[in-house]
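In this text, all values refer to a predicted model and were calculated from it rather than measured experimentally.
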Amino acid sequence: MNALTFLRFWQDKERAGRGEWRVSESELLSLAFLGGSPAAFAARQLLRHKTRKQPFSTQLYLIALVQLGLLGWLVAGPRLT
């Protein structure tokens with residue numbers, strides 16, 4: 001999922017430079033939501049792409065926050081009391 005996410009960010013940046021049809025923000029955010037958020041942040045940093053775009057940036061951070069919360073909950077172990 002991370003490889004696909006990075007690839008789609010790269011394709012979007014390339015298409016933007018050529019004035020072609022872009023990869024939709026909803027697709028990029030969906031890929032991040034489905035597990036590609038590490039690659040989304042890496043692509044933003046390495047490709048310098050979509051770093052200041054709002055509300056895209058806020059939505060990506062919210063996705064990552066939810067994923068981190070879920071990961072923390074899973075690592076700590078669900079408590080059935």
Side-chain angles (χ1 to χ4, degrees):
M1 186 55 62
N2 281 293
L4 177 60
T5 302
F6 194 93
L7 173 67
R8 295 302 280 162
F9 268 81
W10 176 78
Q11 288 173 333
D12 186 49
K13 181 166 176 90
E14 290 293 308
R15 290 175 182 182
R18 295 191 302 254
E20 297 176 355
W21 284 93
R22 307 276 302 274
V23 177
S24 71
E25 289 186 356
S26 63
E27 180 182 344
L28 296 175
L29 289 169
S30 294
L31 290 168
F33 179 78
L34 294 172
S37 57
F41 284 103
R44 283 169 39 109
Q45 182 70 31
L46 295 171
L47 303 174
R48 296 183 188 197
H49 187 56
K50 296 218 178 271
T51 56
R52 293 182 286 172
K53 180 80 173 173
Q54 287 298 342
F56 182 87
S57 291
T58 300
Q59 292 168 337
L60 183 58
Y61 277 105
L62 287 173
I63 288 169
L65 185 63
V66 168
Q67 289 173 334
L68 285 172
L70 181 59
L71 181 63
W73 181 74
L74 290 172
V75 168
R79 307 248 191 281
L80 299 175
T81 56

- [ ] Would you mind reporting whether D12 and F9 have side-chain heavy atoms less than 4.5 Å apart?
- [x] no
Task: Atom pair CD/CD of Q11 and E27 - distance to nearest 0.5 Å - done: 8.5 Å
- [ ] Test side chain to side chain contact (heavy atoms under 4.5 Å, CB included) on F33 and V66 and set out the steps.
- [x] CA-CA 9 Å; F33 179 78; V66 168; 5.6 Å; no
- [ ] Measure across A64 and F41 and return the closest heavy-atom pair with its distance rounded to 0.1 Å.
- [x] CB-CE1, 3.6 Å
Task: Side-chain heavy-atom pair L28, T5 within 4.5 angstrom cut-off - done: no
Open item on the list: Tell me the closest heavy-atom pair linking K13 and R48, and the distance in Å.
Closed with: NZ-O, 3.6 Å
TODO: Give the cluster check for M1 versus L68: same hydrophobic cluster or not, with ILVMFWY residues linked at side-chain heavy-atom distances below 4.5 Å.
DONE: no
Task: Whether K50 side chain and S57 backbone form a donor-acceptor pair below 3.5 Å - done: no
Task: Minimum side-chain heavy-atom gap Q67-L71 below 4.5 Å - done: no
Task: Distance flag, aromatic centroids of F56 and Y61, threshold under 6.0 Å - done: no
Task: L34-L62 co-clustered via ILVMFWY side chain contacts under 4.5 Å - done: no
Task: Within 6.0 angstrom of R52 CZ, more than 12 heavy atoms from elsewhere - done: no
- [ ] Check whether any side-chain heavy atom of R44 lies under 4.5 Å from a side-chain heavy atom of L60, and answer yes or no.
- [x] yes
Open item on the list: Under the criterion side chain to side chain contact (heavy atoms under 4.5 Å, CB included), I'd like the reasoning laid out for Q54 against Q59: C-alpha separation, chi angles, the key distance, then a yes or no.
Closed with: CA-CA 8 Å; Q54 287 298 342; Q59 292 168 337; over 6 Å; no
Open item on the list: Quick check for you: to the nearest 0.5 Å, what is the distance between T58 atom OG1 and K53 atom NZ?
Closed with: 12.0 Å
Open item on the list: If we ignore hydrogens and angles and just use 3.5 Å, is the side chain of R15 paired with the main-chain N or O of E20 as donor and acceptor?
Closed with: no
